[in-house]
Amino acid sequence: MSMKPDHRIVEVIALSGFDTPLAYAVPPTCADQVAVGSLVRMPLRRRSELGVVLRFGTDQVVPPGKLKMLYEVVQPYPVLPPDLVQLFHWVKSYYSATPEAVLEAMIPVSIRRGMKAKTRRYLVAAKAPSPQEMDTLEKRAPKQAELLRFLRQQIKPIARADLLKRMKISASACAGLVSKGFLRETETEEERVAYDDELSGGDTLLTEERHELTSEQAAAVDSIQAAIRKGVFSTRLLHGVTGSGKTEVYLNAVEQVVSAGGGVIFLVPEVALAPQTVGRVRARLEARGVHTVVWHSHLSEGERYDAWKALASGEAHVVVGARSAVFAPVRNLKLIIVDEEHEPSYKQEESPRYHGRDVAVYRALINKAVCILGSATPSLESLYNVERGKYGVDRILNRVDDRQLPKIHLVDMRREDLQGKGASPISRTLADKLVDRFEKREQSILFLNRRGFSTSLLCPDCGHVVSCEHCSTPMTFHRTDGKVHCHLCGEQRPAPGYCPECRSANIRKRGLGTQKIEDVVQKILPRARIVRMDADSMSKKNLYRKILNDFRIGKIDLLVGTQMIAKGLDFPNVTLVGLVDADRSLHVEDFRAAERTFQLIVQVSGRSGRGDRAGEVVIQTHTPHAPPIQFARQSDFEGFLLEELEQRREFNYPPFRHLIRHLFRGRNPEKVLFFMDQWVKELQAELGQQIEIRGPAPAPIEKIRDEYRFQLWYFAPSASKVIGPLRELRQGFKMDREVIDLIDVDPMNMS
Ligand code: ADP
Ligand code: ZN
Ligand code: ZN
């Protein structure tokens, strides 16, 4: 079988979903354009569809005469360059996803729909009419004559649409002249510049100063540069405390790579952070003529298309973006940066359930590139990889300019609850410090744990919590309409005036919303300008930027928000940060609860004292002795890591083994469990040696939209080794049509 692949036949995977690649003949007209990774249009199911060429030649046996021909090649550049074709295969198998789901994640929708560069049509005079021809035209079609006369006087081609509109001439009149040969139409690709967005020019971007590196920064830069010079794959963890100037280190690496002609992917965990980062990158690179594009889900289709094309054509070399930018068609990719690598938002919660960080590492491997994972609170997975020598590490233990890490106070809210009548969510300590800062004209930020963001209704007499009938989850009280809402299925009803269970009239609200906190704080600081930032303001791109800007220039004294807003904020005048309910994230059914809590406290604390004045942090908690809280208070990363790793080792949880979560759901719980039992028997018989099966057990949220949910956990030393056989077994298993299942490899969401 050492035959050369036949270049007259290709295997194509359809974008619309078709499990196996299909063989097509390449017509001579596009023989030169077809490459592996090309987007092509082809006949399928009596329609014209799009697909991606995966290889030349085929092993499929197609009867002669049955082989259909491709229609055309859609883009001048392969939509999947060779490295992305390889990545496609890996993501598909590692995350056990369908090919179309993976292609959907990898290729922007505008490209998938076959969008082409916007073209403009131009008109130019061609054959000269004879005097008789002109005469006839004047009589029979005066409008055509007028258009022809006009164009014969022009030197340059004129844009067709504008001209016809201006002269009030119909398209058919124009077409008549073209068919007679008097006019010629030309098409040119309209140039839109991907990096000519709202961020270019103006703004504060061009003022990016270049800092003298601290010795720790310089050491990190040195070792990263050495890794880049080697030109082989490696992954390095940049573990730097908050405010240690990690961005400066990244920028140095980016400059080194682009000056050697390499391409860079810079991932940020949150769409909202992309503009800020792209600004800093551009401030360094534009002067060298190196262009950077932004890439995230809020771009319009046209903007995405432009960004994609700028990278695919090699016009831009650097992309900054959220998770999906890991699939950007960057040429000659030599460096991938994953900032805040511990963030769960890197994991996609729908198929393909890929982890942006892990895909980044794999893509770097394919490209013989360097991958830098940066964080003040690295994930245990990454720290473990350092421990066993898979990743290199650079540590920055001190903040820039010898700034101190903030002083952290713990407030035991149990004591506060006992002292105060009708306990306030803001302790005496925190309130005093808020007043103090306001008087000194310094700024503060109050954070709420996202888990505690909602307000539910609780009966103190019988413990009943008002829950959704369709989902096993507490409903959220909305003050605006006086109703309780289910955030899983959208169900809403009036809030009950008494307990539906025991009829007690004492039923009352529990939990804190940002709005409640805002009210309480406004009473403490009547004259302060307080602004609340929540999911709502995050989704409005301009409002978010405006609030942050107002805060930066001091128009706002106090910002209240969920930890969503904590990421990457850098405000020098903030000297106090309060975390209102630190332990909320400890009490969730997730083996990462301690890790999350530790990261949360360290990250929000890191927003304090980033300027010349020292910062302070107040952590309010009902469980002050919980290890993650104690370790975070002392900024003791090593201590936390050792203790937490010990726990994980004892239970043989990730990062010591991989976890695969297999979720089943259906309206009839007995039926779901019955099929799960059958499945487990088969799985145990076939793969029991390689994986440890736990369950079936109810999922933490037992019911959503009237469907009952159960899960199985599979533990295995290597996910990639078992996922193939697992999927094969599952494909051969006869599952009831009313039982739906999904497989999540390396899950982050345990609910
Ligand atoms: P991190 O991401 O590690 O929390 P940043 O990269 O946001 O930190 O840097 C924090 C602040 O310190 C920024 O305002 C940055 O401009 C500044 N900075 C970075 N490096 C230096 C340096 N070597 N000297 C002085 N200031 C620096
Ligand atoms: Zn009750
Ligand atoms: Zn519901």
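Whatever order the structure lists ligands and atoms in, that order sets their numbers, starting from 1. Heavy atoms only: backbone and side chains are in, while hydrogens, waters and symmetry mates are out.
- Considering both main-chain and side-chain atoms, L213 never comes within under 3.5 Å of ligand 1 through any nitrogen or oxygen pair.
- Taking 2.8 Å as the threshold, C471 counts as a candidate ligand of the Zn ion (ligand 3), since one of its N, O or S atoms lies below it.
- The residues E255 and R288 are annotated as salt-bridged, a charged nitrogen and a carboxylate oxygen being separated by less than 4.0 angstrom.
- Ionic pairing of E469 and K703 is not present here: no N-O contact between side-chain nitrogen and carboxylate oxygen is shorter than 4.0 angstrom.
- Remark: R395 does not engage E216 in a salt bridge, criterion side-chain N to carboxylate O under 4.0 Å.
- Between C462 atom SG and C499 atom SG, the angle centred on the Zn ion (ligand 2) amounts to 110° (nearest 10°).
- Salt bridge status for R667 with E738: absent, with no side-chain N to carboxylate O gap under 4.0 Å.
- Taking only nitrogen or oxygen atoms, main chain and side chain alike, V400 does not reach within less than 3.5 Å of ligand 1.
- Polar contact check, R403 against ligand 1: no nitrogen or oxygen pair lies under 3.5 Å apart.
- Residue contacts to the Zn ion (ligand 2): C459 brings an N, O or S atom closer than 2.8 Å.
- Between SG of C486 and SG of C468, the angle at the Zn ion (ligand 3) works out to 110°, rounded to 10 degrees.
- A salt bridge does not link E381 to K390: none of the charged side-chain nitrogens sits closer than 4.0 Å to a carboxylate oxygen.
- The shortest N/O to N/O separation between Q217 and ligand 1 falls below 3.5 Å.
- K347 has no carboxylate O lying under 4.0 Å from a charged side-chain N of D358, or vice versa, which leaves the two without a salt bridge.
- Salt-bridge formation is not detected for the pair E702/R709: no Lys NZ or Arg NE/NH1/NH2 atom is positioned less than 4.0 Å from an Asp or Glu carboxylate oxygen.
- Remark: ligand 1 atoms within the under-4.0 Å shell around heavy atoms of T214 are 23 (N).
- Only backbone heavy atoms of T242 (N, CA, C or O) come within less than 4.0 Å of ligand 1; its side chain stays farther off.
- Contact atoms of ligand 1 toward E212: 22 (C), 23 (N), 24 (N) (distance under 4.0 Å to a heavy atom of the residue).
- Closest approach of V602 to A632, counting heavy atoms only: CG2-CB, 4.0 Å.
- The pair D394-R236 meets the salt-bridge criterion, with a side-chain N (NZ, NE, NH1 or NH2) lying under 4.0 Å from an Asp/Glu carboxylate O.
- The ligand atoms of ligand 1 that sit less than 4.0 angstrom from a heavy atom of T247 are 2 (O), 5 (P), 6 (O), 7 (O).
- Residue-ligand proximity: G240 is placed with every non-hydrogen atom at 4.0 Å or more from ligand 1.
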